[in-house]
Amino acid sequence: MATPDPPPPAPAGTKDLRLTTEEVRQLWSFVHGDIMDPEMRRQLRASYGLCPRHSWAYAVVEIELWTYGPGARGGHQPFDVAILYKDLLEHAATELTRRRILAANLASVLTAGAACRICEELSAAAPSGAPVGYAGSDTAALTEEANRLTFTTAWLRQTERVWRPWVCPVCAAEAGVPRDRQLTADDAGRTCRPHLLAARDLPRHTADRVGARLLETADLLGPLIESMTDRGRPATTEEDASWVAALGWFAGWAFPLAVHVSDEGAGTAT
Ligand SMILES: [Zn+2]
Ligand SMILES: [Zn+2]
(Lines give C-alpha, C1' and ligand atoms only; values in the text may rest on other atoms or scores of the structure.)
(Ligands and ions follow the chains in the order given, each with its own letter.)
Protein backbone atom coordinates (compact mmCIF):
# COMPACT_ATOMS: atom_id res chain seq x y z
CA MET A 1 0.00 0.00 0.00
CA ALA A 2 1.26 3.44 -0.85
CA THR A 3 1.48 5.91 1.97
CA PRO A 4 0.06 9.26 0.97
CA ASP A 5 2.59 12.06 0.95
CA PRO A 6 2.20 14.86 3.43
CA PRO A 7 0.91 18.04 1.83
CA PRO A 8 3.62 19.98 0.03
CA PRO A 9 5.38 22.65 2.07
CA ALA A 10 4.39 26.27 1.60
CA PRO A 11 5.60 27.56 -1.77
CA ALA A 12 7.66 30.29 -0.14
CA GLY A 13 9.83 27.71 1.62
CA THR A 14 13.08 27.76 -0.29
CA LYS A 15 15.55 27.40 2.54
CA ASP A 16 14.68 23.78 3.29
CA LEU A 17 14.21 22.34 -0.14
CA ARG A 18 13.63 18.69 0.75
CA LEU A 19 11.14 17.73 -1.91
CA THR A 20 8.12 15.47 -1.56
CA THR A 21 7.64 12.61 -3.99
CA GLU A 22 4.67 14.41 -5.47
CA GLU A 23 6.74 17.52 -6.11
CA VAL A 24 9.45 15.45 -7.79
CA ARG A 25 6.87 13.59 -9.85
CA GLN A 26 5.37 16.85 -11.10
CA LEU A 27 8.75 18.49 -11.71
CA TRP A 28 10.18 15.45 -13.49
CA SER A 29 7.19 15.51 -15.78
CA PHE A 30 7.67 19.27 -16.27
CA VAL A 31 11.34 18.73 -17.16
CA HIS A 32 10.18 16.38 -19.92
CA GLY A 33 7.56 18.84 -21.16
CA ASP A 34 7.98 21.37 -23.93
CA ILE A 35 8.71 24.78 -22.44
CA MET A 36 9.04 26.16 -25.99
CA ASP A 37 5.39 25.43 -26.69
CA PRO A 38 3.77 28.86 -27.29
CA GLU A 39 0.90 28.35 -24.85
CA MET A 40 3.23 27.01 -22.16
CA ARG A 41 5.63 29.91 -22.76
CA ARG A 42 2.78 32.43 -22.50
CA GLN A 43 1.66 30.97 -19.18
CA LEU A 44 5.20 30.83 -17.81
CA ARG A 45 5.79 34.46 -18.73
CA ALA A 46 2.53 35.48 -17.09
CA SER A 47 3.56 33.70 -13.87
CA TYR A 48 7.21 34.81 -14.14
CA GLY A 49 8.20 31.17 -14.10
CA LEU A 50 7.55 28.95 -11.12
CA CYS A 51 7.10 30.08 -7.51
CA PRO A 52 10.34 30.56 -5.50
CA ARG A 53 10.34 27.05 -4.05
CA HIS A 54 9.60 25.32 -7.33
CA SER A 55 12.05 27.49 -9.30
CA TRP A 56 14.94 26.14 -7.24
CA ALA A 57 13.31 22.70 -7.10
CA TYR A 58 13.09 22.67 -10.91
CA ALA A 59 16.84 23.29 -11.12
CA VAL A 60 17.56 20.63 -8.49
CA VAL A 61 15.45 18.02 -10.26
CA GLU A 62 16.99 18.71 -13.66
CA ILE A 63 20.56 18.87 -12.33
CA GLU A 64 20.33 15.82 -10.07
CA LEU A 65 18.24 13.53 -12.25
CA TRP A 66 19.09 14.31 -15.87
CA THR A 67 22.04 12.02 -16.37
CA TYR A 68 23.04 12.46 -19.99
CA GLY A 69 23.60 15.23 -22.51
CA PRO A 70 26.27 16.97 -24.56
CA GLY A 71 28.82 19.38 -23.17
CA ALA A 72 31.61 19.00 -20.65
CA ARG A 73 29.39 17.60 -17.88
CA GLY A 74 27.43 15.18 -20.01
CA GLY A 75 24.26 15.65 -17.96
CA HIS A 76 23.56 16.97 -14.47
CA GLN A 77 23.14 20.45 -15.89
CA PRO A 78 20.30 23.01 -15.89
CA PHE A 79 19.64 23.10 -19.63
CA ASP A 80 15.87 23.70 -19.67
CA VAL A 81 16.15 25.89 -16.58
CA ALA A 82 18.66 28.14 -18.34
CA ILE A 83 16.52 28.38 -21.48
CA LEU A 84 13.37 29.23 -19.55
CA TYR A 85 14.93 31.74 -17.17
CA LYS A 86 16.92 33.48 -19.92
CA ASP A 87 13.63 34.14 -21.64
CA LEU A 88 12.04 35.31 -18.38
CA LEU A 89 14.99 37.62 -17.58
CA GLU A 90 14.61 39.30 -20.94
CA HIS A 91 10.86 39.51 -20.46
CA ALA A 92 11.22 41.07 -16.99
CA ALA A 93 13.87 43.53 -18.23
CA THR A 94 11.55 44.63 -21.01
CA GLU A 95 8.68 45.09 -18.60
CA LEU A 96 10.85 47.08 -16.19
CA THR A 97 12.35 49.43 -18.72
CA ARG A 98 10.04 49.96 -21.66
CA ARG A 99 7.00 51.61 -20.12
CA ARG A 100 6.37 55.07 -18.93
CA ILE A 101 4.51 54.37 -15.75
CA LEU A 102 4.28 56.08 -12.41
CA ALA A 103 6.97 55.00 -9.97
CA ALA A 104 4.22 54.01 -7.56
CA ASN A 105 3.07 51.41 -10.07
CA LEU A 106 6.44 50.23 -11.28
CA ALA A 107 6.72 47.23 -8.95
CA SER A 108 3.37 46.01 -10.23
CA VAL A 109 4.93 45.01 -13.56
CA LEU A 110 6.80 42.32 -11.61
CA THR A 111 3.64 40.88 -10.09
CA ALA A 112 2.77 37.40 -11.38
CA GLY A 113 -0.46 37.31 -13.34
CA ALA A 114 -0.81 33.53 -13.14
CA ALA A 115 -0.17 30.82 -10.55
CA CYS A 116 2.92 28.59 -10.38
CA ARG A 117 2.29 25.68 -12.69
CA ILE A 118 3.69 23.11 -10.25
CA CYS A 119 1.63 24.47 -7.34
CA GLU A 120 -1.43 24.19 -9.58
CA GLU A 121 -0.64 20.60 -10.47
CA LEU A 122 -0.04 19.74 -6.83
CA SER A 123 -3.35 21.16 -5.72
CA ALA A 124 -5.13 19.34 -8.56
CA ALA A 125 -3.40 15.98 -7.98
CA ALA A 126 -5.60 13.10 -6.85
CA PRO A 127 -5.09 12.54 -3.12
CA SER A 128 -5.44 8.75 -3.18
CA GLY A 129 -3.72 5.85 -4.88
CA ALA A 130 -0.12 5.50 -6.01
CA PRO A 131 0.53 8.08 -8.72
CA VAL A 132 2.56 6.82 -11.62
CA GLY A 133 5.80 8.69 -12.28
CA TYR A 134 6.77 10.08 -15.66
CA ALA A 135 7.11 7.19 -18.14
CA GLY A 136 6.71 4.74 -15.27
CA SER A 137 9.71 6.07 -13.34
CA ASP A 138 10.23 5.19 -9.68
CA THR A 139 9.39 8.53 -8.11
CA ALA A 140 10.39 7.52 -4.58
CA ALA A 141 13.90 6.61 -5.76
CA LEU A 142 14.13 9.78 -7.83
CA THR A 143 13.06 11.86 -4.83
CA GLU A 144 15.74 10.33 -2.65
CA GLU A 145 18.32 11.00 -5.33
CA ALA A 146 17.18 14.59 -5.89
CA ASN A 147 17.18 15.37 -2.18
CA ARG A 148 20.85 14.40 -1.88
CA LEU A 149 21.65 17.62 -3.84
CA THR A 150 24.98 16.09 -4.85
CA PHE A 151 25.48 17.86 -8.16
CA THR A 152 23.64 21.04 -7.21
CA THR A 153 25.83 21.47 -4.14
CA ALA A 154 28.97 20.91 -6.19
CA TRP A 155 27.83 23.44 -8.78
CA LEU A 156 26.97 26.07 -6.18
CA ARG A 157 30.31 25.54 -4.51
CA GLN A 158 32.34 25.74 -7.72
CA THR A 159 30.69 29.01 -8.75
CA GLU A 160 30.28 30.64 -5.33
CA ARG A 161 33.16 33.07 -5.81
CA VAL A 162 31.22 34.52 -8.77
CA TRP A 163 27.64 34.49 -7.48
CA ARG A 164 28.37 35.66 -3.96
CA PRO A 165 28.70 39.35 -5.00
CA TRP A 166 25.41 39.06 -6.91
CA VAL A 167 23.35 38.06 -3.86
CA CYS A 168 20.39 40.31 -3.04
CA PRO A 169 21.40 42.39 0.01
CA VAL A 170 18.03 41.81 1.71
CA CYS A 171 18.30 38.04 1.20
CA ALA A 172 21.87 38.16 2.54
CA ALA A 173 20.78 40.06 5.64
CA GLU A 174 17.89 37.64 6.24
CA ALA A 175 20.26 34.69 5.93
CA GLY A 176 22.62 36.25 8.49
CA VAL A 177 25.49 36.74 6.04
CA PRO A 178 28.07 38.98 7.74
CA ARG A 179 28.04 42.51 6.40
CA ASP A 180 31.66 42.32 5.25
CA ARG A 181 30.70 39.47 2.92
CA GLN A 182 27.88 41.48 1.38
CA LEU A 183 29.55 43.43 -1.38
CA THR A 184 27.49 46.58 -1.45
CA ALA A 185 28.60 48.48 -4.55
CA ASP A 186 25.32 47.98 -6.40
CA ASP A 187 22.81 47.01 -3.76
CA ALA A 188 19.68 48.38 -5.38
CA GLY A 189 20.38 46.77 -8.72
CA ARG A 190 20.85 43.39 -7.05
CA THR A 191 17.58 43.32 -5.12
CA CYS A 192 15.68 40.14 -5.99
CA ARG A 193 12.18 40.18 -7.40
CA PRO A 194 10.49 38.99 -4.17
CA HIS A 195 12.14 41.82 -2.24
CA LEU A 196 11.39 44.41 -4.91
CA LEU A 197 7.75 43.35 -4.67
CA ALA A 198 7.84 43.46 -0.87
CA ALA A 199 9.29 46.99 -0.92
CA ARG A 200 6.48 48.12 -3.26
CA ASP A 201 8.16 51.44 -4.02
CA LEU A 202 10.44 50.95 -6.98
CA PRO A 203 12.12 54.15 -8.22
CA ARG A 204 12.64 54.45 -11.97
CA HIS A 205 16.44 54.57 -11.69
CA THR A 206 16.43 51.37 -9.62
CA ALA A 207 14.16 49.66 -12.14
CA ASP A 208 16.57 50.67 -14.90
CA ARG A 209 19.55 49.29 -12.99
CA VAL A 210 17.76 46.07 -12.22
CA GLY A 211 16.71 45.76 -15.86
CA ALA A 212 20.31 46.26 -17.01
CA ARG A 213 21.58 43.62 -14.59
CA LEU A 214 18.94 41.15 -15.75
CA LEU A 215 20.15 41.58 -19.33
CA GLU A 216 23.77 41.09 -18.21
CA THR A 217 22.73 37.79 -16.63
CA ALA A 218 20.78 36.79 -19.74
CA ASP A 219 23.90 37.49 -21.82
CA LEU A 220 25.86 35.06 -19.64
CA LEU A 221 23.14 32.43 -19.90
CA GLY A 222 23.43 32.37 -23.71
CA PRO A 223 26.92 30.82 -23.78
CA LEU A 224 26.03 28.58 -20.82
CA ILE A 225 23.15 27.15 -22.86
CA GLU A 226 25.46 26.76 -25.86
CA SER A 227 28.00 24.92 -23.69
CA MET A 228 25.34 22.29 -22.98
CA THR A 229 24.94 21.54 -26.69
CA ASP A 230 27.17 19.83 -29.23
CA ARG A 231 28.29 23.12 -30.74
CA GLY A 232 29.21 25.23 -27.70
CA ARG A 233 32.60 25.85 -26.13
CA PRO A 234 32.96 25.01 -22.43
CA ALA A 235 31.41 27.67 -20.20
CA THR A 236 33.48 30.04 -18.06
CA THR A 237 32.91 30.07 -14.29
CA GLU A 238 30.98 33.32 -14.67
CA GLU A 239 28.70 31.72 -17.26
CA ASP A 240 28.36 28.62 -15.08
CA ALA A 241 27.13 30.88 -12.27
CA SER A 242 24.56 32.68 -14.41
CA TRP A 243 21.69 30.25 -13.79
CA VAL A 244 22.23 30.76 -10.04
CA ALA A 245 21.99 34.53 -10.59
CA ALA A 246 18.83 34.11 -12.66
CA LEU A 247 17.07 31.96 -10.08
CA GLY A 248 18.41 34.11 -7.25
CA TRP A 249 16.69 37.12 -8.77
CA PHE A 250 13.41 35.36 -9.49
CA ALA A 251 13.21 33.21 -6.38
CA GLY A 252 15.44 34.87 -3.77
CA TRP A 253 18.76 33.54 -2.48
CA ALA A 254 17.71 31.60 0.62
CA PHE A 255 18.37 28.21 -1.00
CA PRO A 256 21.97 28.69 -2.24
CA LEU A 257 22.87 30.54 0.94
CA ALA A 258 21.43 27.69 3.04
CA VAL A 259 23.32 25.08 1.01
CA HIS A 260 26.51 27.02 1.48
CA VAL A 261 26.01 27.49 5.21
CA SER A 262 25.23 23.81 5.73
CA ASP A 263 28.34 22.94 3.73
CA GLU A 264 30.49 25.12 5.92
CA GLY A 265 29.11 23.36 8.97
CA ALA A 266 29.35 19.85 7.57
CA GLY A 267 32.74 20.21 5.95
CA THR A 268 31.89 17.84 3.11
CA ALA A 269 28.94 17.53 0.81
CA THR A 270 26.74 14.50 1.26
ZN1 LIG B 1 5.05 26.39 -6.92
ZN1 LIG C 1 16.11 39.17 -1.88
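Note that ligands are numbered from 1 as they come in the structure, with each ligand's atoms numbered from 1 the same way. Predicted, not measured: the structure shown is a model, and the values here were computed from it.
For the Zn ion (ligand 1), the nearest N, O or S atom contributed by H54 is named ND1. Nearest N/O/S atom of H195 relative to the Zn ion (ligand 2): this is ND1.
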Take H54 and Q26 through the side-chain hydrogen bond (donor to acceptor under 3.5 Å, both in side chains) test and state the conclusion after the steps.
CA-CA 10 Å; H54 293 133; Q26 294 294 346; over 6 Å; no
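Remark: R148 does not engage E64 in a salt bridge, criterion side-chain N to carboxylate O under 4.0 Å. By the 4.0 Å N-to-carboxylate-O rule, D37 lies too far from R41 to be salt-bridged with it.
Residues T217 and Y85 bring no donor and acceptor atom of their side chains to less than 3.5 Å of each other.
With the Zn ion (ligand 1) as vertex, C51 SG and C119 SG subtend 110°, rounded to 10°.
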